[in-house]
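Only heavy atoms go into these numbers, but all of them, side chains included; no hydrogens, no water, no symmetry mates. Indexing begins at 1, ligand by ligand and atom by atom, following the structure's order.
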Amino acid sequence: MNLIIFGPPGAGKGTQAKRLEEKYGARQLSTGDMLRAECESGSDLGQMLKSIIDGGQLVPDEVMVKLVAFAIQDEACANGFNLDGFPRTLGQAQELDAMLSEAGANIDHVIVLEVDDGVLLDRIKTRAEETGSARSDDNEETLKKRLEVYHEQTAPVLPFYEEKGLLRKVDGMASIDEVTEQIDAALGAKVAA
Ligand code: AMP
């Protein structure tokens, strides 16, 4: 099963993506984690990426598309994948569509976690306090920028999948377990349909 999990920053995509991998074997592909690993390598590319990420901006589509094209071909995705953090622009969605059709594959479900901006700001502040700010982009200023970018560039991708009948909206403000239950129900409903 090939999945995409969408949601604004702090919506809990990563937590749910991990559960999707455990339950359905769909390999979690977190583009944020891939980029952070590159940043930590200290390479020139990593330094360039870090300044983009810390500014709350998006990494260029060409870089992201190459990264994902490589990742989905990995053997670890033999039972499918769940994309956590990609696509984030319409261009990325179109490129993904093209690369999957070429490979004779497709996306089965697109899950979107819906959360109010005010709730997200509170969550990110708590995450920064609890983790001692493990992520350098978990601060109020960067979050505001990331939310702005989500609404401007990522939310417009949703109609692309809605038109294909793949979109599954979930209340991301419910508890973590309730969100998981809603996702299971949404996937089950689609499978049974
Ligand atoms: P995340 O961990 O998914 O919140 O991603 C952290 C940051 O990595 C984002 O704020 C972006 O700067 C960058 N990033 C992750 N995925 C993408 C993507 N698909 N396109 C562009 N930038 C991305």
Side-chain angles (χ1 to χ4, degrees), residues 2-21 26-41 43 45-74 77 81-100 107 110-115 117 119-128 130-131 133-158 160-161 170 172 176 179:
N2 295 332
L3 308 169
I4 296 174
I5 183 154
F6 268 108
K13 294 190 296 292
T15 305
Q16 298 298 334
K18 275 191 193 73
R19 292 185 170 190
L20 285 167
E21 175 170 312
R27 174 80 166 182
Q28 178 190 9
L29 297 177
S30 159
T31 46
D33 283 352
M34 292 177 205
L35 294 169
R36 281 185 287 276
E38 187 62 41
C39 292
E40 277 160 26
S41 78
S43 67
L45 174 66
Q47 281 175 12
M48 189 269 279
L49 294 173
K50 187 168 172 14
S51 67
I52 296 176
I53 294 169
D54 287 352
Q57 301 285 354
L58 293 184
V59 172
D61 284 358
E62 311 84 77
V63 177
M64 296 313 304
V65 168
K66 277 192 199 137
L67 205 64
V68 169
F70 183 74
I72 61 176
Q73 281 168 24
D74 196 279
C77 296
F81 53 78
N82 82 80
L83 285 166
D84 160 14
F86 183 95
R88 263 177 155 100
T89 65
L90 194 55
Q92 291 179 11
Q94 287 162 340
E95 293 272 3
L96 175 66
D97 221 37
M99 75 174 92
L100 289 177
I107 295 293
V110 177
I111 300 151
V112 54
L113 304 181
E114 298 184 309
V115 186
D117 287 5
V119 173
L120 293 170
L121 277 162
D122 287 345
R123 278 191 193 173
I124 291 272
K125 275 191 221 161
T126 311
R127 185 156 87 185
E130 283 174 358
T131 62
S133 204
R135 280 181 56 164
S136 52
D137 59 349
D138 268 357
N139 59 69
E140 201 171 341
E141 195 193 329
T142 307
L143 176 70
K144 281 191 183 141
K145 184 71 209 165
R146 287 161 66 203
L147 270 177
E148 207 180 290
V149 167
Y150 179 80
H151 291 302
E152 278 172 12
Q153 300 192 56
T154 305
V157 180
L158 299 177
F160 177 82
Y161 291 110
V170 166
I176 294 177
V179 172

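Taking the side chain to side chain contact (heavy atoms under 4.5 Å, CB included) definition, one finds that L90 meets it with Q94, F160, sequence neighbours left out.
Counting the atoms of ligand 1 from 1 in the order shown, those under 4.0 Å from a heavy atom of Q92 are 18 (C), 19 (N), 20 (N), 21 (C). Which parts of ligand 1 touch F86 is read off a 4.0 Å heavy-atom cut-off, strictly below it: atoms 19 (N). In summary, the atoms of ligand 1 found under 4.0 Å from a heavy atom of Q57, numbered by their order in the structure, are 11 (C), 12 (O).
The shortest heavy-atom contact between L143 and L120 is CD2-O, 3.9 Å. Closest approach of A93 and P87 over heavy atoms only: N-CB, 3.5 Å.
An N or O contact shorter than 3.5 Å is missing between L58 and ligand 1 by distance. For T31, a nitrogen or oxygen atom sits less than 3.5 Å from a nitrogen or oxygen atom of ligand 1, counting backbone and side chain alike. For ligand 1, the polar-atom distance check against V59 finds a nitrogen or oxygen pair separated by under 3.5 Å. Below 3.5 Å of separation, one finds an N or O of R36 facing an N or O of ligand 1.
Side-chain contact between T31 and R88 is present, with at least one heavy-atom pair separated by less than 4.5 Å. Q16 is listed as a side-chain neighbour of I176, based on a closest heavy-atom distance under 4.5 Å.
Of the heavy atoms in L35, only side-chain atoms (C-beta onward) come closer than 4.0 Å to ligand 1.
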Next on the checklist: Run the side-chain contact (heavy atoms from CB on, under 4.5 Å) test on V157 and F6 for me, step by step, so that the C-alpha distance in whole Å, both residues' side-chain angles and the decisive distance to 0.1 Å come before the verdict.
Outcome noted: CA-CA 10 Å; V157 180; F6 268 108; 3.8 Å; yes
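K145 has a carboxylate O that lies under 4.0 Å from a charged side-chain N of E148, or vice versa, which qualifies the two as a salt bridge.
Of the candidates Q153, R88, R146, it is R88 that places a heavy atom closest to atom 1 (P) of ligand 1.
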